[in-house]
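Below: one structure, written as structure tokens.
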Amino acid sequence: MLTWEYALLVRRRQPRLDESGWELVYTWYGPDGAVLDVSPYGDTALSHLNRAGAQGWELVSVTEDANMQGSAELHRYHLKRVLRAATPRPRLRNLGRAGRRAGTG
């Protein structure tokens, strides 16, 4: 059975703090709880989605917060990828009586 892990890429358009105009800020919310500013890795949503796709992530849905129009915009890109199972450890074989050392048992 396949199991999935999920992540979220958030795109915010917000007023610049140090100068006039707007800036786009991209934040990655990883499956491990990490919250990373990934803005330096690209200036468009497509560049970030392509980067995530190269790491095995698949876009599931996109949502937009309509309440933030005007002073800011918020877009959420929901992603998933197959969770790779840990490599199983080799099992010890049950050797039964034949595997016991001489003088035991």
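Atom CG in Leu9 sits 8.0 Å away from atom OG1 in Thr27 (nearest 0.5 Å). In this structure, NE2 on His75 lies 3.5 Å from CD on Glu64, to the nearest 0.5 angstrom. Once rounded to the nearest 0.5 Å, the distance linking CD of Gln14 with CG of Leu74 reads 10.0 Å. Rounded to the nearest 0.5 angstrom, Arg12 CZ and Leu24 CG are separated by 12.0 Å.
Glu19 meets the side chain to side chain contact (heavy atoms under 4.5 Å, CB included) test with Arg16; sequence neighbours excluded. Evaluation of the ring-ring contact (aromatic ring centres under 6.0 Å, His included) rule for Tyr77 yields no partner, not counting sequence neighbours. Taking Leu8 as the reference, Val10, Tyr29, Arg76, His78 meet the side chain to side chain contact (heavy atoms under 4.5 Å, CB included) condition, with sequence neighbours excluded. With sequence neighbours left out, the side chain to side chain contact (heavy atoms under 4.5 Å, CB included) criterion links Leu17 to no other residue. Remark: Arg81 engages Glu5 in a salt bridge (Lys or Arg N to Asp or Glu O under 4.0 Å) (not counting sequence neighbours).
Here ring pair (Phe, Tyr, Trp, His ring centres under 6.0 Å) pairs that include residues 33-63, with residues two or more places apart or in two chains, are Tyr26-His48, Trp28-Trp57.
Residues Pro31 and Ala7 come closest through the heavy atom pair CD-CB, 4.2 Å. Scanning all heavy atoms of the two residues, the minimum distance from Leu79 to Ala52 falls at CD2-CB, 4.2 Å.
Under the 4.5 Å side-chain contact rule for hydrophobic residues, Val60 and Trp4 do not share a cluster.
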